[in-house]
Number of protein chains: 2
Amino acid sequence: MALEHAILVSLLEQPGSGYELARRFERSIGRFWTATHQQIYRVLRRMEADGWLVAEEIGQDGRPDKRSFSVADDGRAALIAWLRAPVQPEAVRHELAVKIRGAAFTDDAGRAALIGEVERYRAEHESLLFTYMNGEKRDFPDLEHLDVGERLQHVVLRGGIAYERMLLDWLDDVLDTLRAL
Amino acid sequence: MALEHAILVSLLEQPGSGYELARRFERSIGRFWTATHQQIYRVLRRMEADGWLVAEEIGQDGRPDKRSFSVADDGRAALIAWLRAPVQPEAVRHELAVKIRGAAFTDDAGRAALIGEVERYRAEHESLLFTYMNGEKRDFPDLEHLDVGERLQHVVLRGGIAYERMLLDWLDDVLDTLRAL
DNA sequence: TCCTACATGTAATTGGTTACATGATTAT
DNA sequence: ATAATCATGTAACCAATTACATGTAGGA
């Protein structure tokens, strides 16, 4: 229900094409909201039809034309109204937790395989943490002089960093537990 | 993709009816996988047709009959195979983070409303943390004598507790940031 | 010559939510 | 009376994923 709103925020921060949005969803926005390009194009069409966005055709030589979207007044109003609505309880989908509880029903070889998988998952999230921390240094070098938008982006990034740290600690706990069974 | 597997784990821990499963999904399993009763009944029918589950009809007087499901050999094999597969990257949907970044595009009154909403969200998660901690005391009073299943259930619960603590700390950071804008 | 980046889509399917529906028992 | 709990489902809809599709430019 909130992909529209994530797109509104992103286009208010910086107008752009569907393709550019899809790339942002792979990077910064993707930290807290994921979407594929197919889904983004579909939602963009609907938002344009609803008058939330306006498109500007940009002919490029050498490259395919692109349509750069900006937020219209109706779109901004829709975002502001949504900001006042209560946060919806989130659908939790934590596959690894299901697997850990499932480990009670497999044999030693299966448990060893799960330990390997948890190690791989841990390495992935460790590198994600480093990516976040490098992004923090790169994008917020001077914490004394941030505008409103940057301060809000930074607090969201701090949340991502806190999450990854917590996750790594917990995964160490999980590994100790699995190894001690 | 993994609701089937969450159901398999739950029914291996304890056989039960669709209704009982739905209640478990509201409680313990719901901490890491949510599902409504409608969805559970639909998936149960498919799993039974695939030979993953067997049902036992239990006539009850005074109450409607119920069908108690147990995991069949094929179901157990499907779970064991799935445990060895890599954990899928999770779809991230963090609505509150979208709202926080959206706060750059609203006025003081809108920001004040968002602060109120973050406070409400924080109170919800604080009470969830207390629920987890009470559940821990109740279900794992003697940490020295846990069987394999209990040790795995406990490490997953510790993950939930670590998450909620991290979230509360971050929400305090968010509130400080929003109030200082 | 092949891969990556740029740029945009359609079609089919699956997964999940919301609304609707029924009916008995037990507790207040 | 009435609300809550037990117990099971159907139907319609919406959101999201996966597979398929097309074409150019520039670098290795």
Side-chain angles (χ1 to χ4, degrees), chain A residues 1-7 11 15-27 29-30 32-50 53 55-69 82 88-95 98, chain B residues 1-8 11 15-27 29-30 32-50 53 55-69 82 85-95 98:
Chain A
M1 248 342 185
L3 175 56
E4 285 93 331
H5 303 102
I7 288 175
L11 290 178
S17 68
Y19 184 82
E20 282 160 358
L21 274 171
R23 304 218 55 212
R24 290 183 214 167
F25 272 85
E26 279 168 18
R27 295 158 192 258
I29 313 168
F32 50 91
W33 204 275
T34 50
T36 59
H37 79 274
Q38 292 93 330
Q39 208 188 333
I40 288 167
Y41 281 115
R42 190 148 32 97
V43 172
L44 282 175
R45 213 177 324 133
R46 186 172 67 225
M47 291 170 78
E48 197 189 2
D50 290 348
L53 303 178
E56 187 196 358
E57 313 281 335
I58 300 182
Q60 304 183 116
D61 38 70
R63 298 260 169 85
D65 294 355
K66 67 175 175 182
R67 311 188 67 224
S68 185
F69 292 96
W82 176 76
Q88 295 298 112
E90 282 148 55
V92 183
R93 298 274 132 88
H94 200 332
E95 200 182 307
V98 180
Chain B
M1 252 331 187
L3 175 57
E4 286 92 330
H5 302 103
I7 288 175
L8 286 171
L11 290 178
S17 68
Y19 184 82
E20 281 160 358
L21 274 172
R23 304 218 58 211
R24 290 183 214 168
F25 272 83
E26 279 168 19
R27 293 157 192 258
I29 313 167
F32 49 92
W33 205 275
T34 49
T36 58
H37 80 274
Q38 293 91 331
Q39 209 188 334
I40 289 167
Y41 281 114
R42 191 147 34 102
V43 172
L44 281 174
R45 215 178 321 133
R46 186 172 68 226
M47 292 171 79
E48 195 189 4
D50 290 348
L53 303 179
E56 189 197 354
E57 313 282 335
I58 300 181
Q60 302 183 118
D61 39 69
R63 296 260 168 84
D65 293 355
K66 66 176 176 182
R67 309 188 67 223
S68 184
F69 292 96
W82 176 76
V87 177
Q88 295 298 113
E90 282 148 54
V92 184
R93 299 274 133 88
H94 200 333
E95 200 182 307
V98 180

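Chain letters run A, B, ... following the sequence lines, proteins first and then strands; every chain starts at 1.
- Within the structure, every side-chain polar atom (N or O) of Ser17(A) is placed at least 4.0 Å from both OP1 and OP2 of dC6(C).
- Closest to the side chain of Gln39(B), out of dT8(C), dG16(C), dA16(D), is dG16(C).
- Nearer to the 5' terminus of DNA chain C, by closest-nucleotide assignment, is the contact made by Gly18(A) (compared with the other of Gly18(A) and Gln88(A)).
- Distance, Trp33(B) CH2 to dT17(C) P: 11 Å, rounded to whole Å.
- In this structure, the CD atom of Glu48(A) is 9 Å from the P atom of dG9(C), given to the nearest Å.
- Counting non-hydrogen atoms under 4.0 angstrom, Arg42(B) reaches a base of the nucleic acid.
- Between Tyr19(B) and the phosphate of dC6(D), there is a side-chain N or O to OP1/OP2 separation shorter than 4.0 Å.
- Checking the phosphate oxygens (OP1, OP2) of dG16(C), no side-chain nitrogen or oxygen of Thr36(B) falls inside 4.0 Å.
- Atom CZ of Arg24(B) is separated from atom P of dA7(D) by 12 Å (rounded to the nearest Å).
- For the pair Arg23(A) and dC6(C), the criterion of a side-chain N or O lying under 4.0 Å from OP1 or OP2 is met.
- If you take CG of Leu21(B) and P of dG9(D), they are 12 Å apart, rounded to a whole angstrom.
- As rounded to whole Å, 13 Å separates atom P of dT8(D) from atom CD of Glu56(B).
- Arg45(B) comes within 4.0 angstrom of the backbone, heavy atoms only, and of no base.
- At the phosphate of dT17(D), neither OP1 nor OP2 sits under 4.0 Å from any side-chain N or O atom of Gln38(A).
- Distance Glu90(A) CD to dG16(C) P: 16 Å, rounded to the nearest Å.
- In this structure, CD of Glu4(B) is placed 12 Å from P of dT14(C), rounded to the nearest angstrom.
- For the atom pair CE (Met47(A)) and CD1 (Ile40(A)), the distance works out to 11.0 Å, reported to the nearest 0.5 Å.
- Within the 4.0 Å cut-off from OP1 or OP2 of dT8(C), at least one side-chain nitrogen or oxygen of Tyr41(A) is found.
- Here CZ of Arg93(A) is found 6.0 Å from CH2 of Trp33(B). Values are rounded to the nearest 0.5 Å.
- Note: Leu44(B) CG to Ile7(B) CD1 = 5.0 Å, rounded to the nearest 0.5 Å.
- Summary of the strand contacts: Arg93(B) and Phe69(B) both lie near DNA chain D, and taking for each the nucleotide with the nearest heavy atom, the more 5' one is attributed to Phe69(B).
- In this structure, Leu53(A) CG and Glu4(A) CD are separated by 10.0 Å, a value rounded to the nearest 0.5 Å.
- Residue His37(B) contributes atom NE2, which lies 13 Å from atom C1' of dG16(C) at whole-angstrom precision.
- Proximity of a side-chain donor or acceptor of Glu20(B) to a complementary backbone N or O of Ser17(B) within less than 3.5 Å is detected.
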